[in-house]
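Quick notes on the structure that follows.
A quick note: this is a predicted structure, and the numbers were derived from the prediction, not measured. Read the numbers this way: they start at 1 and go in the same order the structure lists the ligands and their atoms.
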Amino acid sequence: MTKYGPYPVITAKEAASFIKDGQTIGFSGFGAAGGAKAVPYALADKAESEHRKGRPFAMRVLTGASSGLAIDEVLAQSGAISWRAPYQTGRSLRKQINNQDVEYVDMHLSHVPQAMLFGFLGKMDAAVVEASEVTPDGRVYLTTSIGISPTMLALADKVIIEINTVQSPRLREMADIVILPPPPHRDPIPIAHPMSRIGVPYATVDPKKVAGVVLNSEPDTVSEFSQPNHVSQQIAEHLVEFLVSEMKAGRIPKELLPLQAGVGNVANGVMGVLGTHPDIPPFSMYTEVFQDSQVELMQKGRLLGASATSLNITEDALGVIVDNMDFFAKRLILRPQELSNHPGIIRRLGVIAMNTALEMDIYGNVNSSHVYGMDIMNGIGGSGDFSRNSYLAVFMSPSIAKDGRISSVVPMCPHIDNGEHSVQVVVTEQGLADLRGLGPLHRAKKIIENCAHPMYRDYLFRYIENSRAGHIPHDLNKCFELHRNLMETGSMLPGLSA
Ligand code: 0RQ
């Protein structure tokens, strides 16, 4: 048998044979970065073969956040997932979740490692983790993401390491790994700056638990974001104007504060615009995922340093980092997600959080995850970790979707990820509403006037006028009328299109 140090080299199929129906399996990866890529395919084949024989085979699947195609598409399509946490973005899995074929637990991402450690998610039977190296004494050098891998390696009964030969061993230079002990044994976390390092560049596994090493050479497959369109451009301009005026007023220090930017096309576009604006000084980021637009900003000296848990970047952008590692390793830190998204650190550093909403209501509650309050899109992700604890929480969204058939400003959100208490600024391409210090009615007027699309403003104003008075005026017969119309006719205001 071939060996990798003291560990047997096994095939992905052999690795899959260790995994049984009903088990809880953790896979490395945060977004498409650093995910296990060989064993999931073998597990999909195993599931299909078992199902053909009339035998059940489905796993409870945990990852750091969403995954690459291997899990939320391939494994899902083969019916190999029965339960999934804490986040996903796959079309196939989304459909299965909304059909109740897969049980889905949508979680704050900073909670996941500690929920595992506290035993809140049950026992982990096996972990499949991508690495660039595992040493005989159990040091595991991770690749493009850290996520929950250190915790999985510590807790899983059995471990399979996918050694990825195309991932640069120099990626370890960015890793800063520590597992927080459970309460009551916690001390203050000594991160006082986005670039503070407090750990070691490797995760640790008990070598006796390593069932085998699978050799693999598949790169991460991160899809390209669309170029910022005029809507993201306008959102970014409103936001930059606001940040600059806050700096001038002395409410944000003139060197700015660390920024966090959410996921998706809008957030990626906004970062691109914000990073090149002449009135915004060079800044740092304390964020969750590092995206393509930030690589160039770093090279140009606009982005001074960034802490994240994942390099969710295209192959070309990763090539730029690896080819210039002496430059990037000093400016990029990858941490476990309980630290990249840690509420206490976010509050200490004064992070300005900028996340995306599917819809917001007139009082400033935000829904980022559930269409009609029922159908999952992706999940809350890290948006709650950052917003609730930030210096300033901004939510952005185009004012309309689907050619105007949907308004993203509604009377009441049928699902709320980030409540009015955690949301201070909302912005659409129409404008920005600064909600700080405003009571509910004042907030509503500002959001409708500044952020709602003109097509929907009269409806929204009429809604407030006809609502029952109270601290937060509402009409419980009508608060979901727009959503009901959308479900029944395909348009929130029937007959309306942009
Ligand atoms: O549908 O895909 O059919 O075209 O939703 O909308 O405008 O492309 O937005 O890609 O920026 O994603 C909130 C989903 C936005 C994302 C969300 C439809 C619209 C389109 C996507 P199509 P856009 P984006 C971590 C931060 C939660 C997690 C998070 C997300 C599709 O940002 O998942 O914030 N966020 N993590 O047509 C029905 C509405 C709609 C709607 C838009 N009101 N109803 N459909 N769409 N509005 C923290 C970090 O540090 C990273």
Side-chain angles (χ1 to χ4, degrees), residues 30-31 33 64-66 86-91 94 106-110 145 147 223 225-226 228-229 231-232 235-236 258-271 285-291 293-294 306-312 335 337 340-342 346 351-361 366-390 393-410 413-415 417-418 422-423 428-429 452-453 456 482-483 485-487 490-492 498:
F30 194 106
S66 59
Y87 186 74
Q88 60 75 43
T89 52
R91 269 175 201 277
R94 183 179 298 147
D106 179 19
M107 295 174 72
H108 291 300
L109 300 184
S110 72
S145 68
S223 45
F225 282 105
S226 49
N229 58 18
V231 170
S232 330
I235 293 175
L259 302 180
Q260 174 261 333
V263 289
N265 292 321
V266 174
N268 194 52
V270 163
M271 272 316 295
M285 295 190 79
Y286 200 82
T287 192
E288 182 184 282
V289 293
F290 192 77
Q291 304 189 66
S293 53
Q294 289 137 35
S307 158
T309 192
S310 162
L311 292 182
N312 216 33
R335 310 179 190 278
Q337 69 197 62
S340 65
N341 290 24
H342 193 281
I346 291 162
V351 174
I352 297 176
M354 302 178 294
N355 289 289
T356 316
L358 276 178
E359 62 184 356
M360 57 192 81
D361 71 24
V366 163
N367 174 12
S368 296
S369 62
H370 286 79
V371 176
Y372 313 122
M374 292 181 245
D375 294 342
I376 191 79
M377 179 67 88
N378 301 321
I380 187 168
S383 63
D385 292 326
F386 283 93
S387 299
R388 174 74 187 90
N389 304 293
S390 62
V394 178
F395 276 89
M396 47 207 179
S397 167
S399 68
I400 48 173
K402 308 287 179 209
D403 300 324
R405 296 192 302 277
I406 297 176
S407 168
S408 48
V409 180
V410 294
C413 287
H415 174 91
D417 295 290
N418 288 284
S422 304
V423 178
T428 69
E429 81 291 352
H453 193 279
Y456 286 90
L482 294 181
H483 297 90
N485 286 346
L486 179 63
M487 286 176 76
S491 172
M492 282 190 162

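By the definition of a contact as any protein heavy atom under 4.0 Å away, atom 26 (C) of ligand 1 is in contact. Per-atom contact check: atom 17 (C) of ligand 1 does not touch the protein, criterion being a heavy-atom distance below 4.0 Å. For atom 6 (O) of ligand 1, no protein heavy-atom neighbour is found at a distance under 4.0 Å. The nearest protein heavy atom to atom 23 (P) of ligand 1 is not closer than 4.0 Å. Protein heavy atoms are absent from the space less than 4.0 angstrom from atom 2 (O) of ligand 1.
At the shortest separation from atom 21 (C) of ligand 1 among protein heavy atoms lies Met377 CE, 4.7 Å. From the protein, the heavy atom lying nearest to atom 35 (N) of ligand 1 is Ser368 O, 4.0 Å. Nearest protein heavy-atom neighbour of atom 4 (O) of ligand 1: Lys402 NZ, 3.6 Å. With respect to atom 47 (N) of ligand 1, the closest heavy atom belonging to the protein is Leu358 O, 3.4 Å. What sits closest to atom 10 (O) of ligand 1 on the protein, heavy atoms only, is Asn265 N, 3.2 Å. Given atom 34 (O) of ligand 1, the protein heavy atom at minimum distance is Ser383 CB, 3.5 Å.
Glu429 and Ser399 share a donor-acceptor pair across their side chains, judged by distance under 3.5 Å alone.
Using a 4.5 Å heavy-atom cutoff, the side chains of Tyr456 and Val409 are not in contact. Annotation: side chain of His108 is not in contact with side chain of Arg388 (no heavy-atom distance under 4.5 Å). Ser387 is not listed as a side-chain neighbour of Val423, based on a closest heavy-atom distance of 4.5 Å or more. Taking the side chain as every heavy atom from C-beta outward, Met271 and Gln291 never approach each other to under 4.5 Å. Between Ser397 and Met360 the shortest side-chain heavy-atom distance falls below 4.5 Å.
At a 4.0 Å heavy-atom cut-off, ligand 1 does not touch Ser408 at all. In Ile406, the part holding a heavy atom less than 4.0 Å from any atom of ligand 1 is the side chain.
Residue contacts with ligand 1 include Ala261, since one of its heavy atoms falls under 4.0 Å from the ligand. Taking a 4.0 Å cut-off on heavy atoms, Tyr87 registers as neighbouring ligand 1.
Between Glu288 and ligand 1, an N or O atom pair is found at a separation short of 3.5 Å. Among the atoms of Gly379, none of the N or O lies under 3.5 angstrom from an N or O of ligand 1. Checking only distances, Gln260 does come within under 3.5 Å of ligand 1, N or O to N or O. Residue-to-ligand polar distances keep Ser407 apart from ligand 1: every N/O pair is separated by 3.5 Å or more.
A donor-acceptor contact shorter than 3.5 Å links the side chain of Asn367 to the backbone of Ser369. A donor-acceptor contact shorter than 3.5 Å links the side chain of Thr309 to the backbone of Gly147. Checking side-chain atoms of Gln337 against main-chain N and O of Gly64 turns up a donor-acceptor pair under 3.5 Å. A donor-acceptor pair under 3.5 Å is absent between the side-chain atoms of Asn389 and the main chain of Ile346, judged by distance alone. For the pair Ser310 (side chain) and Phe30 (backbone), a donor-acceptor distance under 3.5 Å is present. Side-chain atoms of Asn341 do not come within 3.5 Å of backbone N or O of Gly382 as any donor-acceptor pair.
Residue contact check: Val289 has heavy atoms under 4.0 Å from atoms 51 (C) of ligand 1. Against a heavy-atom cut-off of under 4.0 Å, Thr287 is close to the following atoms of ligand 1: 50 (O). Close contacts between ligand 1 and Val371 involve ligand atoms 38 (C) [criterion: under 4.0 Å to a heavy atom]. Under a 4.0 Å criterion applied to the non-hydrogen atoms of Gly262, ligand 1 contributes the atoms 26 (C), 49 (C), 51 (C). Near Asn378, meaning under 4.0 Å from any of its heavy atoms, are these atoms of ligand 1: 14 (C), 30 (C), 33 (O).
For Asn418, the side-chain hydrogen bond (donor to acceptor under 3.5 Å, both in side chains) criterion is met by Ser383, not counting sequence neighbours. Take Arg94 and apply the side-chain hydrogen bond (donor to acceptor under 3.5 Å, both in side chains) test, not counting sequence neighbours, and it matches Asn378.
Among the candidates His370, His483, His415, the single residue satisfying the side chain to side chain donor-acceptor pair (under 3.5 Å) test with Glu359 is His483.
When the heavy-atom distances from atom 29 (C) of ligand 1 to Asp417, Asn341, Ile380, Leu482 are ranked, the shortest goes to Ile380.
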